[in-house]
Amino acid sequence: MAALFDARGVTKRFGGLTALQAVDFALESGIASIIGPNGAGKTTLFNIFTGLYPADEGSVTFRGRALFGLRPDQITALGICRTFQNIRLFANMTVIENVLVGMNSRIALGLWDVLSHGPRFARTEADLSTRAVALLDRVGLQANANDVARNLPYGDQRRLELARALASEPALLLLDEPTAGMTRTEAGALMRLLRELVVDLGLAIILIEHNMRVVMEVSDRVTVLDHGEKIAEGPPREVQSDARVIEAYLGTRGSAPQRARRA
Amino acid sequence: MLSVDSLDVAYGEIRALKGVGLQVGRGEIVTILGNNGAGKTTTLKTISGLLQPLRGTITLEAESLVGVPPHEIVGRGVAHVPEGRRIFNRLTVRENLMMGAYPRRDAGVPADLERVVTLFPRLKERITQVAGTLSGGEQQMLAIGRALMANPRLLLLDEPSMGLAPVLVEQIFDTIADINRQGTTILLVEQNAAMALSIAHRGYVLETGAIALAGTATELADNPEVRRAYLGE
Amino acid sequence: MDYPLLLGIFPQVFLDGIILGFMYALIALGYTMVYGVLEFINFAHSEIFIVGAFVGVELLLGLKSVGLLDGLPWPLVLFLTLVAGMAASGLLAVTVERVAYRPLRNAPRLIPLISAIGISFFLQDLIRLFESLWRNAFNLVYPTIDVLNLRFELTETIDVSVKSLVVIVAALLMLWALHVIVNRTTIGTAIRAVAEDQAAASLMGINVNRIISLTFLIGGAMGGAAGVLFGVQYGLINPYTGFIPGLKAFTAAVLGGIGNIPGAMLGGLVLGLLEAFAASYLSLLTGGAFGAEYKDIFAFSVLIVILIFRPKGLLGEIVRERA
Amino acid sequence: MSLYSVLATAAVALSSLAVATAPRSVLAFLAFQGALLFVYLARIPTWLRVGLLGVALLLLMPLIGAFNGYYLEVATQVGIFAALALGLNIVVGLAGLLDLGYVAFFAVGAYSWAIFGSPHANVIFGGGFPLAGVWFYAFLFVGLFVAAITGILLGLPVLRLHGDYLAIVTLGFGEVIRVLANNLDKPINLTNGPKGITPISRPPAPLGLPYGEYFYFLVLLIVVVVVLVNRRLEDSHIGRAWEAIREDELAARAMGVPLVRMKLLAFACGASFAGIMGVLFSAKQVFINPESFTFLESIGVLAMVILGGMGSIPGAVLGATVVTVLNLQVLKGLSLWLNELKNAGVTVLGYSLADLPTQFEPAKYERMIFGVILVLMMIFRPQGILPARRRQRELAHLER
């Protein structure tokens, strides 16, 4: 049987610069992390997976269906949704409206339903609100439903982005640095939530993370990118001790806390 | 040297800083620790004039910096390396560095250019290259080098480790310590508390827009609160 | 089909196209420089351009009324007219930025654009109002300077007027000067730095407002020069004349890659040539069914096609959008 | 009854009385319009508001029209432009796409009826034209569809463009339509060129209504439908998708909003209203030529949307009223008044008005008015007079 998500030989060039070189990446279930230095091509990979960039070579299949050539909204409708590294909420819309937009690909109303305001319209709208409230509940933002997204604190904005992505009922969730800027407590809570999602909803998750502690704690598998190439892949412990990974990314000298004591 | 007192800053309705006060003495490295949204970047932006405070004072060697536009603050000897580096991607490395010395009319510019490329030999190799083609670490070096071209008395550094591989972070911090040894006072904002405390003399902890803790680097590194919340123990 | 005729007019049409192209190029610089720095279409630039033409015609008419038009050497007259047009348009551009754009610097993008459209409309009628009260006419004709109308016969079918040569030489000189300023001077580097990142530039000690004013001054002055040259070349102007050439010049800027100075020159030339050929050949090739009046449609079609297939223009760089 | 309720009722009653007693006074009619605005804004019970507006629009206005037909003409024009402004409001206000060639769709609608509803079609198809007046009603829908399809055809290639590029391309498109209207008298005479098409058939008016009243009611009906459509779109997943696109196009796409389809929908909706109004306009005017479809008109409609408040439905109506009244009444009135003063040889501060240059005519300066409106609104009140809730938020954080 084909894997849930299978990318093969993905290559992307920007002008003369090769951002990704024949990257393979497959995922059946659970949480996989992608790590690597800035500019290694992690976010570019996400942009290709979600249809925002066309790839130059390679193929990506999701549940056996080829994704290249599909528009981002079609990919979302198939069940892949994402968050952004630098938070891209609809800043002037309310929290609940943000979530409702996320449901767009699951709404089966036509123009005529909207213009005629028929019973189907009323039913659907009511159902959407109920589900949106439930999602906000899940990420702990139920009290903020009618706040304007712009006014939420940083950590809450990240959680709202997660809720908005979940609103599209994805089977695969792509999270771009979800814990950036969160306190350790917040990051821990978020990781527990992700684990819950995997268990409760059978969700598969791909994470881009810089926080190595988070990566080691939560991932089932880790992929390391450097200069657009995959240099290592495997269970977290194995990758952590890989010589190439240490050289390209982790560094060899004493870990930071020891340096702190030295000062 | 720099003295900030009861600083209030707001974005629209959201209050970002509430009565922040801090001192930086000549020759020191002072670090500001804190989580995202705590107000670290806002503090630096207010010092360098990019943001205007609602109230409070900022004085550099007895001169007030409040209300002075950012391009004049550079002339007073404060250079700011902004978050995310913000180098000029379409300019060459040399043009980027020369922009750092834009307001200077003195004869010391060539000597400072020499000093910067000695500090960062990689920049010398790539001096005619367009800055957008540099790697992340090189871009960070360029951003710091560009700020040094203003020949500042006080250097403000915002998250120099951000987005860099752990292996590069160490190099950058070693260089920051070097720059300080050569006589430049440094105010350093960092998420990577361990690294920051390893080179700083003193530090402040910022929480939701207010100073929560202050002390020497060793005091902070030994403080159980700091160890739990920022050093992850 | 009359092939000898088609071939015979070719060089003349080519020359006309080049002249028109330089005119577009000069106007396009105003759009492209401002766009490069502020990412904003200075919609009022077409009026800034036509103000240059009006200041030029007023100066020439003034000189004529005191009898100096034929008394002074013609290169001096032309130089003075150009300088006056450039100064007026440059200062107008700076003023417009100060009054109508600067207060909107941080607003969503459509807002300054709408303000610019407002300024454009306002200026059109302001010129009309002024000229109506001052001369009781707002369609003005450039007074002729005899030397400029002299024509050299290159071959039997092609001739070049002195004014065409003047237009080409003046345009080339100005484009060269601009190139030097932007690429070889510190102030030019500062302009490019501000174009890329205003906040970072201000942290370098660059006075961003001053650089932006300077950009408007240069772009406006180029537009003013184009206005004077336009008047000298084509003679008749009115307050609404600027609109279509402005639009075409913007098309030229987009064609070449907006924000890109060599692109504006290239785009101007390409568009000028296309248009000249369309104007002369469309009617000949379609047996009179479609005439020169379709040249505007032609220009806009080019704009649409370019934007579809090369949205960044001929010389535009492909900028990675950060997700 | 509250003070406001009394005031509102009195304002409507007194101002309509004033118009009845002084049917030639511009000021009296302005007072009537002001009274309606007051009724809309005042804090009075909804039943009273609806009642007063209903009485004023359905009863008083046609009565006033009997005293002075010009006022009914003004009111009808206000209605036409209100519908146009509401159509453009969908495109600019809700979906955030700046369309500078909007009047092109109006032209498409107008020409579709003008050609078939006049003997001009005989030139193209031989005999059998004009179509009978009842066909007008069918052509309201033809105009809608033709304009919507034109909108989609224009939209398909250009909607990938970024905001301000789109603005310029739509401007170019508007010019293309105008140039075509001006020049398609050869090789086949489709539009009769600058001379325009006349006479255009009018529909038979029911109940023997005079045409002034008939068109007034028809326009009113269409405006009501357009308002309804605007509101329903705004409060649906379509409206939310448009807002999301306006906020962050890339994020909207990644969240499953079909970008091109939503933008085309906005374009088509906006265009279709203009198409209907075009058909109505050509029948009402009996004569059309390309002069009615210039860039000036597009900017006029844009000025209405902005003046009222982008994205705001009552704003668009108010904007249409203010701009139309300004053009048709205030500026024209000023010109007439100035001419009378000139002819009477009045002097102001020692300057004889008779010496004013003949080229100076206030009615010709609508561009200046639009220009000043646009710039001042952008600087001092970009959200408009009656702002939409959302636009207020968008701009609030920029204020210092």
Side-chain angles (χ1 to χ4, degrees), chain A residues 46-47 49-53 71-84 86-94 96-118 121 124-125 128 148-151 161 164-165 167-170 174 176, chain D residues 90 94 96 144 148 152 159-160 225-269 272-273 310-311 383 387-398:
Chain A
F46 269 21
N47 287 340
F49 290 170
T50 51
L52 291 174
Y53 290 168
R71 296 189 312 264
D73 58 286
Q74 292 171 318
I75 292 176
T76 308
L78 284 178
I80 299 181
C81 205
R82 70 174 291 177
T83 66
F84 293 91
N86 40 356
I87 307 190
R88 300 184 79 141
L89 288 170
F90 307 119
N92 294 301
M93 298 173 79
T94 62
I96 193 156
E97 282 171 333
N98 267 277
V99 176
L100 288 171
V101 171
M103 294 174 176
N104 204 286
S105 55
R106 304 280 168 240
I107 299 175
L109 290 178
L111 182 60
W112 182 246
D113 295 309
V114 170
L115 294 184
S116 64
H117 260 221
F121 178 83
T124 314
E125 281 284 314
L128 292 178
V148 177
R150 163 189 310 289
N151 294 340
E161 249 208 338
R164 185 180 67 174
S168 71
E169 299 171 14
L174 310 183
D176 200 343
Chain D
I90 293 181
L94 299 184
L144 183 153
I152 290 172
L159 280 177
R160 287 165 208 280
V225 171
V226 175
V227 167
L228 216 60
V229 169
N230 248 287
R231 284 180 61 166
R232 291 191 168 174
L233 284 173
E234 192 181 2
D235 295 330
S236 72
H237 70 283
I238 298 176
R240 287 192 298 267
W242 282 336
E243 275 166 29
I245 291 173
R246 224 175 53 207
E247 288 279 318
D248 186 334
E249 203 171 292
L250 191 127
R253 285 164 72 199
M255 290 308 120
V257 174
L259 195 70
V260 170
R261 201 191 310 159
M262 290 323 270
K263 284 185 172 182
L264 282 181
L265 184 64
F267 247 55
C269 285
S272 58
F273 294 141
M310 274 193 268
Q383 67 274 42
R389 185 172 42 97
R390 179 106 38 218
R391 289 283 177 177
Q392 233 164 342
R393 262 183 227 156
E394 205 170 293
L395 294 161
H397 75 279
L398 293 170

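All chains are named by letter (A, B, ...) in the order of the sequence lines, taking the proteins before the strands, and each is independently numbered beginning at 1. The basis for the numbers below is simple: all heavy atoms, side chains too, and nothing from hydrogens, waters or symmetry mates.
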Evaluate A:V114 against D:H237 for side-chain contact (heavy atoms from CB on, under 4.5 Å), listing each step before the verdict.
CA-CA 9 Å; A:V114 170; D:H237 70 283; 3.9 Å; yes
Give me the atom names and distance for the closest heavy-atom approach of A:F84 to D:L250.
CE2-CD2, 3.4 Å
Run the side-chain contact (heavy atoms from CB on, under 4.5 Å) test on A:T76 and D:V257 for me, step by step, so that the C-alpha distance in whole Å, both residues' side-chain angles and the decisive distance to 0.1 Å come before the verdict.
CA-CA 9 Å; A:T76 308; D:V257 174; over 6 Å; no
Please find the pair of heavy atoms, one from D:A241 and one from A:N104, that lie closest to each other, and give the distance.
CB-ND2, 3.5 Å
Tell me, side chain or backbone of A:A91 under 4.5 Å from chain D's heavy atoms, or both, or neither?
both
Who passes side-chain contact (heavy atoms from CB on, under 4.5 Å) against A:I75, sequence neighbours left out?
A:L67, A:L70, A:I80
Apply side-chain contact (heavy atoms from CB on, under 4.5 Å) to residues A:R71 and D:R261 and explain how you reach the verdict.
CA-CA 11 Å; A:R71 296 189 312 264; D:R261 201 191 310 159; 4.0 Å; yes
Pairwise distance CZ(D:R232) to CG(A:D113) - rounded to 0.5 angstrom:
11.5 Å
Part of A:T124 within contact of chain D (heavy atom distance under 4.5 Å):
neither
In this structure, CZ of A:R82 is separated from CE of D:M255 (nearest 0.5 Å) by 7.5 Å
Given side-chain contact (heavy atoms from CB on, under 4.5 Å), test A:L115 with D:V229 step by step and report yes or no.
CA-CA 6 Å; A:L115 294 184; D:V229 169; 3.7 Å; yes
Look at A:R106, A:R164, A:Q74, A:E161 and state which one has the largest set of heavy-atom pairs under 4.5 Å with chain D.
A:R164
To the closest 0.5 Å, what do you measure between CG (D:D248) and CG (A:N98)?
10.0 Å
CG (D:L233) and CG (A:L111) are apart, to the nearest 0.5 Å, by 6.5 Å
Using non-hydrogen atoms only, which part of D:L265 is less than 4.5 Å away from chain A: side chain, backbone, both, or neither?
side chain
Salt bridge A:E125-D:R240, side-chain N to carboxylate O under 4.0 Å:
yes
